[in-house]
Novice: 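Have a look at the structure that comes next, please.
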Amino acid sequence: MQTNFTLAQLADPQIAEAEKILRACVHCGFCTATCPTYVLDGNELDSPRGRIYLIKDMLEHDRPADAEVALHIDRCLSCLSCMTTCPSGVHYMHLVDHARGHVERTYRRPAVERFMRALLAWLMPYPRRFSLALLAAIPAKPFAPLAGALGLKRLAAMLNLAPWRGPRAALGPQVYPAAGPRQGRVALMAGCVNDVLAPQINAATIGVLTRHGIEVVLAPGAGCCGSLVHHMGREAEALAQARANIDAWSAVDGLDAILITTSGCGTTVKDYGFMLRTDPAYAARAGRIASLAKDISEYLATLPLAPRHGVSGLTVAYHAACSLQHGQRVIRQPKELLVKLGFDVKDVPEGHLCCGSAGTYNILQPDYARRLRERKVRTIERLRPDVIAAGNIGCIAQIAAGTELPAVHTVELIDWATGGPRPARLGR
Ligand code: SF4
Ligand code: SF4
C-alpha cells in the first residue's frame, strides 16, 4: 500500500514502524473472511482492512482520533486472526497497538466510558484490589439480568463473569523445589487475574513441573504483564508493568525459561523486546526476557511426561485461545500433550474465531462478546465433549459463563493425567 508520510513524521520511530506495516498491506482483503467482527456484521470498517485504512488516514494526517475511529478500533478484539490469514505478513498487532495509544492520547471519550476504563485499569492488574472487587460482586451477581434490562450492559457483563465463590489468596514470591534430582529451573508468571480467578491453574502447573524435576520460582516483584492496560492504549502503564517484570525476572539466576499459563499474557511478554526497543535502559534485557518466555505447553512438550493409568477416555473439546494460536503460533503442543496422555481431543470447528473474551473486551464490548460466546458455545456443545480445555483464563471464564460444560485449563488435565489431583470442575 502506498503511504504519504512526511520525512518529519518518519523521524518518529513509532510512525516509521507503522509506515513499514502499512506498506506491507496489499489490500487483498483475505483477512476479512477470518475477522470475527466482520464475520458477525459484514461491515468493512470492522474488518482488518477497514481498520488499517482508518489508522493510515489518521496517522498520515497527524489527526486526533475521532468517535468513528475510536469505535472501530475499540471493536477490534486484537485476536490476531487476521495476522494468521494475511499472505503479506502485515504485523497488524503492532499497528493496532500503536493506534490504540494514539486514540487514548488524542480522543476524549464520553465520561462514563472514561470512568469504566480507568476503573478496569486500576482494578484488574492488581490482585488485592481485584479480589476485593470479586467479593463485592458476589451479592450483586443475582442482579446481573436487571442491570442488563436497565441498559447497564457493562455492569451486567462484569457480574456475569464474576465467580460465585470468593477469591483465594494469591501466590506470593517463593521457590518450589523439584521433587528428586533437579532437571531445570523456571520462573512462573503467576499473573494477576489468573491467580485470583483460578489459582488451581498455577497449582497444577507447579505440581506437574516439580514432579518432573523442575524447580519453579515465583519472583518477587513480578506482576501483571501489562496487556490489560496495553490493549486499552494506556502505553505508559503497560511499559511500567513490563519494566517491573523485567527487573524481577532479571534478578533470578539460572532460569531456563519464564513460563506463562495465560496465553494473552504470553503474547505480550514475548513482545517485550519490541515494546521497549527504544528504551536504552531496558531494550537488551527486554529482548532477553522475551526470548525466555514460553507458554506452559511449549515447555511441557520438551519434558518426558509420565502418564498414569485411569484418566483416559474423556473427550476434550480443545479451544485454541487466539493469543496462543494467532499471537504465539503455538498450535500443536497443547493437543499433542493431551492426546499423548490418553484424552480424546476434538478440535472446535471455526476454531480460528475468537470466543469474545479478549482481555477487558467482554466488559467493554458486551454485545459483540456475547454474540461471539454464543457462537463458540454452540459449536463446542455440538461436539458433546466431557470437558472444554483452553490455555487462557479469559477464554475459560468467557466460555464457562455460557455453558454447563466444565471448562478447565489444559495444564489442569495434564497435571491430573501425570499424577496430580482431578480438576474440581470435573466433579467426582
Ligand atoms: S490480508 Fe493482509 S495484505 Fe490483505 S488486506 Fe488483510 S492485512 Fe492487507
Ligand atoms: S485482530 Fe481480530 S478483530 Fe481485530 S481486525 Fe484482526 S481479526 Fe479482526
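Counting starts at 1 for both ligands and their atoms, following the listed order. None of the values given here were measured: they were computed from a predicted structure.
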Novice: Got the closest protein heavy atom to atom 8 (Fe) of ligand 1, with its distance?
Specialist: C25 SG, 2.4 Å
Novice: E336 and side-chain hydrogen bond (donor to acceptor under 3.5 Å, both in side chains): which partner among K340, R332, Q333?
Specialist: R332
Novice: Only heavy atoms of L80, strictly under 4.0 Å: list the atoms of ligand 2 that pass.
Specialist: 1 (S), 2 (Fe)
Novice: Heavy atoms only: give me the nearest L123-A133 pair and the separation to one decimal.
Specialist: CD2-CB, 3.7 Å
Novice: Quick check for you: to the nearest 0.5 Å, what is the distance between C322 atom SG and L353 atom CG?
Specialist: 8.0 Å
Novice: Applying a heavy-atom cut-off of 4.0 Å, say which part of R51 lies close to ligand 2: side chain, backbone, both or neither.
Specialist: side chain
Novice: To check your reading of the model: name the closest protein heavy atom to atom 5 (S) of ligand 1, its residue, and the distance in Å.
Specialist: G29 N, 3.2 Å
Novice: Check whether any N, O or S atom of C76 sits under 2.8 Å from atom 6 (Fe) of ligand 2.
Specialist: no
Novice: Heavy-atom distances under 4.0 Å are what count here, so tell me which part of S78 touches ligand 2: side chain, backbone, both or neither.
Specialist: backbone
Novice: Is any N, O or S atom of C28 under 2.8 Å away from atom 4 (Fe) of ligand 1?
Specialist: yes
Novice: Just need the protein heavy atom nearest to atom 6 (Fe) of ligand 1, so name the residue and atom and give the distance.
Specialist: C31 SG, 2.3 Å
Novice: Working to the nearest 0.5 angstrom, can you tell me the gap between Q241 CD and I246 CD1?
Specialist: 12.0 Å
Novice: What closest approach, in Å, do A321 and S263 show between heavy atoms, and which atom pair accounts for it?
Specialist: CB-OG, 3.5 Å
Novice: Of V69, L45, D46, which meets side chain to side chain contact (heavy atoms under 4.5 Å, CB included) against R51?
Specialist: D46
Novice: Just going by heavy-atom distances, which of A358, C322, C79 is nearest to atom 2 (Fe) of ligand 2?
Specialist: C79
Novice: Does Y38 approach ligand 2 within less than 4.0 angstrom via side chain, backbone, both or neither, non-hydrogen atoms only?
Specialist: neither
Novice: At less than 4.0 angstrom from any non-hydrogen atom of I52, what atoms of ligand 1 do you find?
Specialist: 7 (S)
Novice: What atoms of ligand 1 come within less than 4.0 Å of a heavy atom belonging to S88?
Specialist: 3 (S)
Novice: Quick check on P87 - does any of its heavy atoms sit under 4.0 Å from an atom of ligand 1?
Specialist: yes
Novice: Identify, for atom 3 (S) of ligand 1, the protein heavy atom at the shortest distance, and state residue, atom and that distance.
Specialist: V26 N, 3.3 Å
Novice: Stepwise, does the side chain to side chain contact (heavy atoms under 4.5 Å, CB included) test hold for F5 with L59?
Specialist: CA-CA 8 Å; F5 290 95; L59 295 182; 3.8 Å; yes
Novice: Under a 4.0 angstrom heavy-atom cut-off, which atoms of ligand 1 come close to C86?
Specialist: 1 (S), 2 (Fe), 3 (S), 7 (S)
Novice: Below 4.0 Å from any atom of ligand 1, is there a heavy atom belonging to T85?
Specialist: no
Novice: Over 60° means perpendicular and under 30° means parallel, so classify the ring planes of Y361 and Y368, tilted if in between.
Specialist: perpendicular
Novice: Just verifying a value: how many Å separate S250 OG and R243 CZ, rounded to the nearest 0.5 Å?
Specialist: 13.0 Å
Novice: Any donor-acceptor pair under 3.5 Å linking the side-chain atoms of E350 with those of T379?
Specialist: no
Novice: Take E237 and R117 through the salt bridge (charged side-chain N to carboxylate O under 4.0 Å, His left out) test and state the conclusion after the steps.
Specialist: CA-CA 13 Å; E237 288 161 64; R117 295 169 78 91; over 6 Å; no
Novice: Give the numbers and elements of all ligand 2 atoms closer than 4.0 Å to a heavy atom of L77.
Specialist: 3 (S), 4 (Fe)
Novice: Look at the N, O or S atoms of C35, main chain and side chain alike, and state whether any lies under 2.8 Å from atom 8 (Fe) of ligand 2.
Specialist: yes
